[in-house]
Amino acid sequence: LLALYTIVVVLLLFGATIFVHELGHFIVARWCGMVVEVFSIGFGPAIWKTKRNGVVYKIGIFPFGGYVALPQMDPSGPGDKEAEEKKKELPRIAPWKKILVALAGVTGNMLFAVLLAYIVFWVGKPSAPHERNCIIGYVDTNSAAYAQGLRIGDEIKAVDADSIRNWDDLTLACAIRKSVRLTVQFDGGEKSITVPTEKNLMGIWAVDGIGWVNYCSVASLVPGSSAEQAGIKPGDSILSMDGQKLYSREHLIAVVSAARDREIPAVILRDGQEMTMTVKPRYDEKAQRALIGVMFNTMDIDYDQVVHPRPGAQIKDHASAIFRFLRALVTPREAKAASQAVGGPVAILVMFWWTVQKSLILAIWFTGLLNVNLAILNLLPIPVVDGGHIVFSLWELITRRPVSAKFVNFVMNAFAGLLIGIFLMLYQQRTIDDGNSDISSLDSTFVQETYLLSRIDSGTRHRKSRHKRRRLPHPVRKAGG
């Protein structure tokens, strides 16, 4: 049932994103008196089709986009003589009307994004600590970051010249760089360290061996374990162990491993009350480390607040992120890493799937992010998107004559060839970089992981929040300590 629910919600939200874009084109085209031949959501063979008032409405089997067929908007000319003769019979459309039609799609996306931003604002969005700060919850002692002096409890305040508010900012900053200079705040002051980035399992460049703050909420206990004997129960949250404040489950595991066969105090939170218990980590042959017998649900997203980010702040954050990414694409030292963070429809659907399973409101927020991204990208002055139509129409408006169909066809074909060449080059480079990595073939058609995968809203600007820790349920995947 969870899978069916996820599929339905993903298709509805992704389909709505396509629908509002094409609906914008459709409404303005009809208002401008243009001929509309087809209104399609999706590509490929139609799974549903009907014709009304001369317009074919259909849903394609591949839900990766959509289109409105407007013969008077096609600057490249029809593909055959019959279509050419039919087009000649249609009245010529003023360039300003073509510009309005081209702008209508992105306007639809932006209006939809604003509506979704208000829904997130009214309902509230779950917020975890890593969305509000960039405090280090764990550092692998074998990592380059640890060797450079990064420690648990430190807070990253900047990457190079970019200010960092939370882990989302850090993820984005690292995704477009091969090496980062971190400004780190700690108890004794501030320091600067430089560490390399490496590709993680999702193919995104990141600082290896570090993790964010998470809660040590007990999901279950091993029967007869030290934790059970001490009185720890499922639902308890472990706040500290052996006198050390715990910043993450990984931190707890490290503290327990270092306290083998010693009785150590553990401070837990139960029903709002703190309690101190004594546990004795014992060596486990199977795990090859000391354990106390607690199990965690590592697939939970623990959050302690419900935030209400202002709609304007959401739109600004969404737009700032894509502009930052576009800037990286044209910055020589960042371009290669940024280009390798590009993804396509498959990666977007993966992200939709993930957010829907975590929270419907997170999926709604992500849909808003996607709509802002699509609106901005569609305005780029390149032939295959709305921005290209605007450029051609502006030329016609200024020169009082349409762009030559032969020239448009040449530009379209050249640009398509350029895109294919770029994709092949990037894929070849990625294959070389990844070696025999299994993940390298996940989405080769569109280049692997998407920049969108690195974005989970920070929610730093919000109304007064409800301070109650909640957990978003997910099928249990456990790790123990």
Quick one: are [X] and [Y] in side-chain contact, heavy atoms under 4.5 Å?
{"X": "Ile238", "Y": "Val267", "answer": "no"}
{"X": "Ile361", "Y": "Ile119", "answer": "yes"}
{"X": "Leu150", "Y": "Gln148", "answer": "no"}
{"X": "Ile268", "Y": "Leu239", "answer": "no"}
{"X": "Val120", "Y": "Gln314", "answer": "yes"}
{"X": "Leu370", "Y": "Phe14", "answer": "yes"}
{"X": "Ser179", "Y": "Thr194", "answer": "yes"}
{"X": "Trp212", "Y": "Asn133", "answer": "no"}

Would you sort out whether Leu103 and Asp386 count as a side-chain contact (heavy atoms from CB on, under 4.5 Å), showing the intermediate values? CA-CA 7 Å; Leu103 289 172; Asp386 295 331; over 6 Å; no
Pairs under 3.5 angstrom only: tabulate donor-acceptor contacts from the side chains of residues 53-67 to other protein residues two or more places apart or in another chain.
residue	atom	partner	partner atom	Å
Lys58	NZ	Tyr67	OH	3.2

In sequence, state the C-alpha distance, the side-chain angles, and the governing distance for Val356 and Tyr5, and then conclude on side-chain contact (heavy atoms from CB on, under 4.5 Å). CA-CA 9 Å; Val356 169; Tyr5 163 78; 3.9 Å; yes
I would like to know whether Tyr138 and Ile152 meet side-chain contact (heavy atoms from CB on, under 4.5 Å); could you show each step before the answer? CA-CA 5 Å; Tyr138 177 73; Ile152 293 173; 4.3 Å; yes
Does anything in residues 268-277 pair up under salt bridge (charged side-chain N to carboxylate O under 4.0 Å, His left out), and if so which pairs, sequence neighbours excluded?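 Of all non-adjacent pairs touching residues 268-277, those that pass salt bridge (charged side-chain N to carboxylate O under 4.0 Å, His left out) are Asp236-Arg270.
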When rounded to the nearest 0.5 angstrom, what is the spacing between [atom1] in [X] and [atom2] in [Y]?
{"X": "Cys134", "Y": "Asp169", "atom1": "SG", "atom2": "CG", "result": "8.0 Å"}
{"X": "Cys216", "Y": "Glu250", "atom1": "SG", "atom2": "CD", "result": "8.5 Å"}
{"X": "Ile136", "Y": "Ile156", "atom1": "CD1", "atom2": "CD1", "result": "4.0 Å"}
{"X": "Lys98", "Y": "Met34", "atom1": "NZ", "atom2": "CE", "result": "7.0 Å"}
{"X": "Phe39", "Y": "Thr50", "atom1": "CZ", "atom2": "OG1", "result": "13.5 Å"}
{"X": "Arg177", "Y": "Thr197", "atom1": "CZ", "atom2": "OG1", "result": "9.5 Å"}

Please determine whether the number of non-hydrogen atoms from other residues, nucleotides or ligands lying under 6.0 Å from atom NZ of Lys191 exceeds 12.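 Counting other residues, nucleotides and ligands, NZ of Lys191 exceeds 12 neighbours.
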Taking atom CH2 as the centre, does Trp48 end up with more than 12 heavy-atom neighbours from other residues, nucleotides or ligands that are less than 6.0 angstrom away?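 Atom CH2 in Trp48 is crowded, with more than 12 foreign heavy atoms closer than 6.0 Å.
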With a distance cut-off below 6.0 Å to the six-membered ring centre and an angular limit of 45° from the axis, does Arg151 pair with Tyr146 as a cation-pi contact?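 Pair Arg151/Tyr146 counts as cation-pi.
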Looking at Glu228 and Lys233, does any basic side-chain N land under 4.0 Å from a carboxylate oxygen?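 So Glu228 does not pair with Lys233 through a salt bridge.
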Any donor-acceptor N or O pair under 3.5 Å, side chains Asn371, Thr17: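 The answer is yes; a qualifying pair exists.
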Any chance the side chains of Asn378 and His389 put a donor and an acceptor closer than 3.5 Å?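 Note: Asn378 and His389 side chains miss the donor-acceptor criterion.
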Can you check whether Trp167 and His130 have ring centres sitting under 6.0 Å from each other?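 That pair fails the under 6.0 Å test.
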Option among Leu13, Ile7, Thr6, Leu12 that satisfies the side chain to side chain contact (heavy atoms under 4.5 Å, CB included) test with Val10: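 By the side chain to side chain contact (heavy atoms under 4.5 Å, CB included) criterion, Val10 pairs with just one of Leu13, Ile7, Thr6, Leu12: Thr6.
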Option among Leu115, Thr107, Asn109 that satisfies the side chain to side chain contact (heavy atoms under 4.5 Å, CB included) test with Leu111: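 Testing Leu111 for a side chain to side chain contact (heavy atoms under 4.5 Å, CB included) against Leu115, Thr107, Asn109 leaves exactly one candidate, Thr107.
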Of all heavy-atom pairs between [X] and [Y], which one has the smallest distance, and what is that distance?
{"X": "Ser217", "Y": "Phe296", "answer": "O-CD2, 3.2 Å"}
{"X": "Val36", "Y": "Ala29", "answer": "CG2-CB, 4.3 Å"}
{"X": "Ser248", "Y": "Gly137", "answer": "OG-O, 2.6 Å"}
{"X": "Ala227", "Y": "Val279", "answer": "CA-CG1, 4.3 Å"}
{"X": "Phe121", "Y": "Pro311", "answer": "CG-CD, 3.7 Å"}
{"X": "Ile315", "Y": "Met110", "answer": "CG2-CE, 4.0 Å"}

Mark yes or no for whether [X], through its side chain, and [Y], through its backbone, hold a donor-acceptor pair below 3.5 Å.
{"X": "Ser240", "Y": "Gly243", "value": "no"}
{"X": "Arg181", "Y": "Val159", "value": "no"}
{"X": "Ser320", "Y": "Asp317", "value": "no"}
{"X": "Asn214", "Y": "Arg249", "value": "yes"}

Quick one: sort the Trp122 and Tyr118 rings into parallel, tilted or perpendicular, breaks at 30° and 60°.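 Trp122 and Tyr118: tilted rings.
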Among Arg165, Lys125, Gln305, find the residue that satisfies the side chain to side chain donor-acceptor pair (under 3.5 Å) test when tested with Glu131.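 Only one of Arg165, Lys125, Gln305 forms a side chain to side chain donor-acceptor pair (under 3.5 Å) with Glu131, namely Lys125.
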Evaluate His21 against Phe26 for side-chain contact (heavy atoms from CB on, under 4.5 Å), listing each step before the verdict. CA-CA 9 Å; His21 183 92; Phe26 177 81; over 6 Å; no
